[in-house]
Student: 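Before I ask anything, here is the structure I am working with.
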Amino acid sequence: MKNIDALIADGGDITIGAIYPIECAATAADSHNTVAALFRRDGETLSALLKRLDKAVGLFYEHDEIIDEVNGN
């Protein structure tokens with residue numbers, strides 16, 4: 001999970017937990033903005049969610065693309 005590792009090394013963070021009404025979501029933020037917000041899909045393992053989060057963080061770093069499933073963006 002090299003992208004999450006780089007995010008944290010740069011002072012960013014990730015959070016996993018409930019964001020009402022979503023039972024489980026994973027978010028990643030740098031020191032200024034949310035760079036990814038994903039919801040856990042039916043039957044998705046926590047490991048798979050973290051891998052998707054890592055990929056989403058990578059898209060932000062490579063293409064300035066923010067993936068936001070939580071807010072519908």
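Sequential numbering from 1 along the given sequence is applied to the chain's residues.
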Student: Can I get a per-line list of side-chain donor-acceptor pairs under 3.5 Å for residues 23-35, giving both atom names and the distance, sequence neighbours left out?
Tutor:
| unit_1 | atom_1 | unit_2 | atom_2 | d |
| --- | --- | --- | --- | --- |
| Asp30 | OD1 | His32 | N | 2.8 |
| Asp30 | OD1 | Asn33 | N | 2.6 |

Student: Once side-chain hydrogen bond (donor to acceptor under 3.5 Å, both in side chains) is applied, do any residues pair with Glu65, and if so which ones, sequence neighbours excluded?
Tutor: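 If we apply the side-chain hydrogen bond (donor to acceptor under 3.5 Å, both in side chains) test to Glu65, skipping adjacent residues, there are no hits.
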
Student: To check you understand the geometry: which heavy-atom pair defines the closest contact between Leu7 and Asp13, and what is its length?
Tutor: CD2-O, 3.7 Å

Student: Minimum heavy-atom separation for Leu49 to Phe39, with atom names?
Tutor: CD1-O, 4.1 Å

Student: Atom CD1 in Ile4, atom CD1 in Ile14: separation rounded to 0.5 Å?
Tutor: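 One gets 4.5 Å once the value is rounded to the nearest 0.5 Å.
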
Student: If you take all heavy atoms of Val70 and Asp68, which pair is closest and at what distance?
Tutor: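 In this case the closest contact between Val70 and Asp68 is N-OD1, 3.1 Å.
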
Student: Give the intermediate values and the outcome of side chain to side chain contact (heavy atoms under 4.5 Å, CB included) for residues Leu46 and Arg40.
Tutor: CA-CA 8 Å; Leu46 188 56; Arg40 191 174 183 182; 4.1 Å; yes

Student: Which side-chain hydrogen bond (donor to acceptor under 3.5 Å, both in side chains) pairs, counting each pair once, include a residue from residues 45-55, with sequence neighbours left out?
Tutor: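 Residue pairs with at least one partner in residues 45-55: Asn3-Asp54, Glu44-Arg52, Arg52-Glu69.
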
